[in-house]
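Basis for what follows: all heavy atoms, side chains included, without hydrogens, waters or symmetry-related copies. Every chain is numbered from 1, with letters handed out A, B, ... down the list of sequences. This one's a predicted model, so the numbers in the text were calculated from it and none came from an experiment.
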Amino acid sequence: MLDRQLIRENPEFVRQGALKKRITAPIDEWIATDQEWRTLNAELENKKAESNRISKSVGELMAQGKREEAEVAKSSTKALKEEISGLEPKVRELDATLEQMELSIPNLPHETVPEGKDEHDNVVVRSWGSPATLPFEPRPHWDVADEIGLLDLSRASKISGSGFVVYTGWGAKLQRALFNFMVDHQVAKNGYHEIFPPYIVNSASLRGTGQLPKFEEDLYKVEEDLYLIPTAEVPVTNLYRDEILDVADLPIRMAAYSACFRKEAGAAGKDTRGIQRVHQFDKVELVKLCTPESSYDELETLVTDAESVLQTLGLHYRVVLLCGPEMSFSNAKCYDIEIWSPAMQKYLEISSCSNFEAFQARRANIRFRREQGAKPEFAHVLNGSGLATPRLFAVLLETFYEPGIGIRIPEPLQSYVGTDLITK
RNA sequence: GGAGGGAUGGCAGAGCGGUUGAAUGCACCGGUCUUGAAAACCGGCGGGGCGCAAGUCCUCAGGGGUUCGAAUCCCCUUCCCUCCGCCA
């Protein structure tokens with residue numbers, strides 16, 4: 001959600017911002033509806049005020065023992081009440097219409113977001129390391145996993161269906177090692193506060209982070225009003241929903257491991273081979289709440305914090321600044337981290353680090369106060385993956401596999417895996 | 001799952017049909033006093049919408065109802081606590 005005041009006062013600014021994302025926002029309709037809403041709402045409130053005044057006077061008259069006058073006052077509210085109950089649904093409806101339109105008004109891109117029309121206009125801002133040069137034909141992760149016995153995809157589909165993974169033996173150990181390592185890394189090296197959240201949340205939380213109402217079809221619904229989380233972003237961000245924080249507590253930086261559940265309804269047939277795109281995966285998520293003036297600095301460190309995991313593991317990647325149309329609806333600025341897959345000979349998105357500014361906080365009602373008595377302001381909310389394991393797992397296999405030997409485990413990971421070499 | 005009890009401002013805690021958006025205490029902010037501090041005293045102090053403002057509307061877990069009028073009465077939902085059962 002954007003600030004209504006902003007749309008009212010700077011409709012062109014909002015329209016242009018949306019256009020940068022190649023979204024045509026219904027600004028004119030919104031302005032007209034808002035105008036109508038304000039007029040009608042003012043009318044409604046005047047009538048309510050009148051009604052309240054009369055009710056109050058009834059009380060006073062009763063106290064003075066003027067019973068007949070009280071009766072007269074009572075009956076005088078009748079017409080007023082009818083007008084009020086006639087007006088109320090109209091006002092409510094207009095408000096609902098406004099909200100509906102606001103669902104198609106995206107967050108505005110930051111001025112530093114590049115113009116563009118598709119992914120070719122994303123800007124590579126830096127890269128680290130270089131593509132692994134292997135003295136043999138790189139093997140895709142599913143081959144490596146098969147040879148050593150790290151995954152059991154066919155049994156996974158037997159017990160759960162396609163798009164699920166069973167990690168076995170060293171594969172399971174490696175998987176567990178990865179997210180343990182990443183959480184420890186973010187806590188110890190980058191100062192995040194560890195959170196272990198519930199995997200099931202209510203609809204209010206999903207509305208707070210914007211998965212509802214728009215993306216319901218991608219969520220697993222457990223029962224009425226309860227859903228599996230598609231990312232730890234949901235429970236972690238919503239920790240502070242409907243709260244007013246003290247500015248001294250900001251920034252709040254949280255790191256959470258969780259399993260993530262996604263139907264991937266629209267992605268059938270895409271990236272089906274191996275474990276690139278699955279219904280249940282594991283991820284360490286980083287979430288920050290901070291003041292508006294610091295959020296772009298926090299975004300930069302969020303990206304470098306996520307990058308530091310790959311650097312520690314010695315994996316080549318690049319950082320890409322997304323152009324307008326590539327960004328998600330609620331982003332103001334977004335960097336993707338793309339990891340190099342030796343077997344596929346291409347970069348895979350492994351992290352997406354976003355500044356939502358106040359867009360999400362407005363939905364989730366997360367505020368802070370600068371000092372005693374000051375007006376609460378919306379916090380800025382950021383998040384990024386740090387990182388998702390399936391692709392990390394895959395690239396790790398492809399990068400560190402040596403034919404006839406096994407998978408060499410990078411030094412920082414060895415104590416977590418319990419070996420320096422995974423063999424059959 | 002069964003039986004009770006509860007939900008009020010940052011916290012504690014009154015209020016149980018009328019002028020109460022809410023007593024009182026604590027916390028917090030400003031001031032007086034003081035060399036400084038504490039204490040004492042005076043003043044302020046929930047959130048949101050609309051409005052240039054005056055002001056006005058909404059908000060006492062959430063939703064519905066009764067009433068001229070609801071924090072107060074009725075119904076539903078949610079959450080918390082205690083006890084019983086079941087179970088990691």
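At the heavy-atom level, A:Lys81 lies under 4.0 Å from the strands shown only through sugar-phosphate atoms. Heavy atoms of A:Arg367 sit under 4.0 angstrom from primed sugar atoms or phosphate atoms, though from no base atom. Across all strands shown, A:Lys47 has no heavy atoms under 4.0 Å from either base or sugar-phosphate atoms.
In a base pair of the Watson-Crick type (N1 to N3 plus N6-O4 or O6-N4) or a G-U wobble (N1-O2 and O6-N3), with each distance short of 3.5 Å, B:rC28 is matched with B:rG44.
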Identify all pairs in which a protein N or O lies below 3.5 Å from an N or O of nucleotides 11-21 of chain B, and state each distance.
residue	atom	partner	partner atom	Å
B:rG18	N2	A:Ser55	O	2.8

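When the side-chain nitrogen and oxygen atoms of A:Arg38 are compared with OP1 and OP2 of B:rG49, none of them lie within a distance under 4.0 Å. Using a 4.0 Å cut-off, some side-chain N or O of A:Arg369 falls inside it from OP1 or OP2 of B:rG47.
A straight line from CD1 of A:Ile244 to P of B:rG10 spans 7 Å, rounded to a whole angstrom. Protein atom CD of A:Glu243 is 14 Å distant from nucleotide atom C1' of B:rG47, rounded to whole Å. B:rC68 atom P lies 19 Å from atom CD of A:Glu69, rounded to whole Å. Summarising the geometry, the separation between CZ on A:Phe368 and C1' on B:rG10 is reported as 18 Å, rounded to the nearest angstrom.
In this view, A:Phe164 and A:His279 satisfy the ring-ring contact (aromatic ring centres under 6.0 Å, His included) rule, not counting sequence neighbours. For A:Lys48, the salt bridge (charged side-chain N to carboxylate O under 4.0 Å, His left out) test picks out A:Glu88, with sequence neighbours left out. Residues passing the salt bridge (charged side-chain N to carboxylate O under 4.0 Å, His left out) test with A:Arg408 are A:Glu402, sequence neighbours excluded.
Nucleotides B:rG13 and B:rC68 are separated by 37 Å at their P atoms, to the nearest Å. Comparing B:rC11 with B:rG4, their C1' atoms sit 28 Å apart, to the nearest whole Å. Nucleotides B:rA40 and B:rG48 have their P atoms positioned 32 Å apart, rounded to a whole Å. With P as the reference atom, B:rA88 and B:rC74 are 41 Å apart, rounded to whole Å. Annotation: B:rC29 and B:rU35 have their P atoms spaced 23 Å apart (nearest Å). Remark: the separation of the P atoms in B:rG47 and B:rA39 is 26 Å, to the nearest Å. Spacing of P atoms, B:rA61 relative to B:rA70, comes out at 15 Å, to the nearest Å. Taking atom P in both B:rG6 and B:rG10, the straight-line distance is 23 Å, to the nearest Å.
Nearest-nucleotide positions on RNA chain B for A:Arg4 and A:Ala73 put A:Arg4 closer to the 5' end.
Taking a cutoff of 4.0 Å between a charged side-chain nitrogen and a carboxylate oxygen, A:Glu50 and A:Lys47 do not qualify as a salt bridge.
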Could you give the side-chain donor-acceptor pairs of residues 100-107 of chain A under 3.5 Å, partners two or more places apart or in another chain?
residue	atom	partner	partner atom	Å
A:Glu102	OE2	A:Arg4	NE	2.8
A:Glu102	OE2	A:Arg4	NH2	3.4
A:Glu102	OE2	A:Trp30	NE1	2.9
A:Ser104	OG	A:Met101	O	2.8
A:Asn107	ND2	A:Ser330	O	2.9
A:Asn107	ND2	A:Phe356	O	3.0

Given protein heavy atoms under 4.0 Å, the one-letter contact record of nucleotides 54-64 of chain B, with B base, S sugar-phosphate only and - none, is simply --SBS------
